Amino acid sequence: MPLFNFQNGLIVGGGSEIGFDDAEIVNFLNPGAKNDYVSADTALRNSDIYSTVFQLSADLASSKLITSNSRNQGMLNSPTTWSNAYSFWQAVYSQLLLGGEAFIYRWRNQNGIDVRWEYLRPSQVSVFPLNDYSGLYYNATFDSPLVGVKQSIPSNDMIHFRLLSQNGGATGISPLRSLASELQIKDSSNKLTINALAKSVLTPGILKIQGNGKLNSKIKTARSREFMNQINKSNGGPVVTDSLEEYTPLEIKGDVSKLLSQTDWTSRQIAKAYGVPDTVLNGKGDQQSSLAMIGGEYAKALMRFGNAITGELSAKQSSVVTMDIKPAIDPVNDDYTTNIDNFKKSGVLASNQAVWALQQTGYLPENMPEPKNDIPAQKTEGSDVIENN
């Protein structure tokens with residue numbers, strides 16, 4: 001059996017590249033570490049992970065990528081003809097959050113100018129080092145049968161986003177790897193909770209009959225069926241029992257309710273893996289944290305992922321790319337207008353500068369009329385009122 005030496009899907013020292021997107025291959029090569037792998041398909045079945053990835057990717061896609069080069073800015077604004085820019089970037093960012101890597105192939109003309117960008121799934125791309133380890137090259141399989149397989153793609157033709165890496169930034173590591181144990185625990189907890197709830201619901205109550213222990217199993221079963229038939233046909237009416245019978249309904253025990261609260265623990269673990277406040281997952285969070293503090297922590301989380309994105313785009317394009325996350329964290333400009341107002345009150349901005357700043361964001365229309373002094377002058381004793389025309 002041949003030995004495969006790989007790290008994060010990158011081959012080292014020759015051989016066949018193997019990615020981490022195939023659970024069967026990973027489990028086959030690592031039979032003792034099956035629990036260390038979490039597939040994206042399995043992860044998205046978890047509502048907390050889906051919510052986190054969806055919100056982060058949507059907010060990153062809502063943010064603005066900005067560069068000083070007008071041609072590069074055009075590609076950032078309209079990277080593909082396959083879909084709209086928002087859907088394209090959200091697909092790229094969600095893949096980055098799930099797999100720790102995302103790939104975009106740059107279709108360029110003979111002059112090296114970008115024509116369009118194509119999103120590639122990690123399963124379509126293989127990453128290899130050059131012979132002297134001075135760089136990377138890629139092999140990619142395209143969905144279009146007219147393109148097929150492209151080999152030895154130079155690094156400059158492939159936009160390769162990565163998160164945390166163990167090989168100097170050549171490839172990335174998925175945040176889901178840190179959640180393997182937590183997801184296994186949650187899966188077991190869910191099965192235990194469902195089993196406990198099922199047993200609690202299957203037995204709605206206890207019917208005691210004063211029979212001095214002389215009732216056999218057949219009589220007990222028959223009376224149970226008769227009693228349940230009476231309940232089902234009562235149409236919500238009261239239950240009538242004999243004077244020798246006593247019915248006690250069962251309640252869900254505290255142990256079962258504690259099992260239901262286990263989801264809060266796993267939600268916090270997922271939020272921690274992605275570096276976001278657990279209030280993002282509708283958790284209770286820190287009760288002493290203000291909304292401003294929570295918003296600030298979430299903005300920091302967005303910028304951590306944003307820096308991985310802008311760093312790669314700046315390296316592959318001829319101009320520095322930055323990301324403005326204000327459209328995502330302050331979509332209606334509430335925080336922005338509050339800051340402008342505070343700057344005006346403190347004297348940092350004059351009134352006309354504050355108005356200009358709000359007009360630049362579209363919060364105020366640019367063709368606002370000049371302010372007029374419509375307040376009539378106050379009449380004082382022994383003086384005449386002078387009206388302003």
Side-chain angles (χ1 to χ4, degrees), residues 40 43-44 46-67 72-80 82-106 116-122 158-165 169 171-179 270-282 294-317 319-336 361:
L44 288 177
N46 181 290
S47 60
D48 291 328
I49 293 180
Y50 178 90
S51 175
T52 304
V53 172
F54 177 82
Q55 180 163 331
L56 284 171
S57 62
D59 288 342
L60 288 170
S62 300
S63 303
K64 293 182 179 179
L65 293 170
I66 303 172
T67 183
N72 292 343
Q73 185 67 56
M75 286 303 304
L76 296 176
N77 294 341
S78 301
T80 182
W82 180 266
S83 64
N84 59 74
Y86 178 85
S87 297
F88 175 84
W89 285 118
Q90 186 177 18
V92 172
Y93 298 152
S94 60
Q95 180 58 61
L96 177 64
L97 294 168
L98 287 169
E101 292 183 298
F103 300 91
I104 299 175
Y105 180 74
R106 303 171 64 187
R116 65 180 177 89
W117 289 353
E118 182 174 347
Y119 163 76
L120 295 176
R121 300 179 299 275
M158 186 75 72
I159 298 175
H160 182 186
F161 299 113
R162 304 95 151 170
L163 294 182
L164 181 66
S165 176
T171 55
I173 297 177
S174 169
L176 298 180
R177 181 177 296 184
S178 66
L179 295 171
I270 293 169
K272 182 171 66 175
Y274 282 94
V276 298
D278 59 353
T279 51
V280 173
L281 303 180
N282 298 320
I294 295 172
E297 290 300 317
Y298 183 69
K300 292 179 182 178
L302 278 182
M303 285 309 303
R304 294 188 191 104
F305 297 114
N307 290 335
I309 295 164
T310 57
E312 175 66 8
L313 291 173
S314 298
K316 295 299 171 67
Q317 293 188 307
S319 58
V320 176
V321 179
T322 59
M323 177 178 284
D324 179 14
I325 64 173
K326 189 176 75 65
I329 63 176
D330 188 22
V332 294
N333 289 322
D334 285 344
D335 294 337
Y336 184 75
T361 62

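It should be emphasised that the depicted structure is a prediction, and the values quoted were computed from it without experimental measurement.
When the side-chain hydrogen bond (donor to acceptor under 3.5 Å, both in side chains) test is applied to Arg162, the partners found at least two apart in sequence or on another chain are His160, Glu312. Listed by chain and number, the residues in a side-chain contact (heavy atoms from CB on, under 4.5 Å) with Thr80 are Trp82, Ser83, Phe88 (sequence neighbours excluded). Qualifying salt bridge (charged side-chain N to carboxylate O under 4.0 Å, His left out) partners for Lys300, counting only residues two or more places apart in sequence or in other chains: Glu297.
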Using the side-chain contact (heavy atoms from CB on, under 4.5 Å) rule, take Val321 and Leu76 through it: C-alpha gap first, then chi angles, then the decisive distance, then the call. CA-CA 10 Å; Val321 179; Leu76 296 176; 4.0 Å; yes
Could you give me the CA-CA distance, side-chain angles and deciding distance for Phe103 and Glu101, then say whether side-chain contact (heavy atoms from CB on, under 4.5 Å) is met? CA-CA 7 Å; Phe103 300 91; Glu101 292 183 298; 4.2 Å; yes
Just do the side-chain contact (heavy atoms from CB on, under 4.5 Å) check on Val320 and Thr67 with the steps written out, would you? CA-CA 6 Å; Val320 176; Thr67 183; 5.8 Å; no
Begin with the C-alpha distance, continue with both residues' side-chain angles, and end with the deciding distance and a verdict on side-chain contact (heavy atoms from CB on, under 4.5 Å) for Val276 and Leu302. CA-CA 8 Å; Val276 298; Leu302 278 182; over 6 Å; no
Working note: Ser319 + Asn72, criterion side chain to side chain donor-acceptor pair (under 3.5 Å); need CA distance, chi angles, decisive distance, verdict. CA-CA 8 Å; Ser319 58; Asn72 292 343; 3.1 Å; yes
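The aromatic rings of Phe161 and Tyr93 lie perpendicular to each other, with more than 60° between the two planes, well past the 30° mark.
Side-chain contact annotation: Tyr298 with Asp59, donor-acceptor N/O pair under 3.5 Å present. Using a 3.5 Å distance cut-off with no hydrogens or angles, the side chains of Asp48 and Ser51 do not pair a donor with an acceptor.
Atoms CD and CG, on Gln90 and Leu56 in that order, are 10.5 Å from each other to the nearest 0.5 Å. In this structure, CG in Leu96 is found 6.0 Å from CD1 in Ile309, a value given to the nearest 0.5 Å. Distance check, rounded to the nearest 0.5 Å: CD of Gln55 to OG of Ser94 gives 14.0 Å. For the atom pair OG1 of Thr171 and CG of Leu164, the computed distance is 10.0 Å after rounding to the nearest 0.5 Å. Taken to the nearest 0.5 Å, the CE atom of Met158 stands 9.5 Å off from the CD atom of Glu118. Atom OG1 of Thr322 is separated from atom CD1 of Ile66 by 4.5 Å, given to the nearest 0.5 angstrom.
Ile173 is not listed as a side-chain neighbour of Ser165, based on a closest heavy-atom distance of 4.5 Å or more. Looking at heavy atoms from C-beta onward, Tyr274 lies in side-chain contact with Val53 at the 4.5 angstrom threshold. At a threshold of 4.5 Å between non-hydrogen side-chain atoms, the residues Lys64 and Pro327 count as touching. Trp117 has its side chain out of reach of Val92: every pair of non-hydrogen atoms, C-beta onward, lies at least 4.5 Å apart. Looking at Trp89 and Pro79, their side chains come closer than 4.5 Å, going by heavy atoms from C-beta outward.
The closest donor-acceptor contact from the side chain of Ser57 to the backbone of Phe54 lies under 3.5 Å. No donor-acceptor distance shorter than 3.5 angstrom exists from the side chain of Ser78 to the backbone of Met75, with no hydrogens or angles considered.
Taking each heavy atom of Leu65 and Met323 in turn, the nearest pair found is CD2-CE, 3.5 Å. Residues Phe305 and Ala301 share a closest heavy-atom pair of CD1-O, 3.1 Å. Nearest heavy-atom pair, Asn77 versus Ala85, reported as atom, atom and distance to 0.1 Å: O-CB, 3.0 Å. The nearest pair of heavy atoms linking Ile325 to Ala299 is CD1-O, 3.7 Å. The two residues Ser62 and Tyr86 come nearest to each other via the heavy atoms OG-CE1, 3.5 Å.
Heavy atoms of other residues, nucleotides or ligands lying less than 6.0 angstrom from NZ of Lys326 number more than 12.
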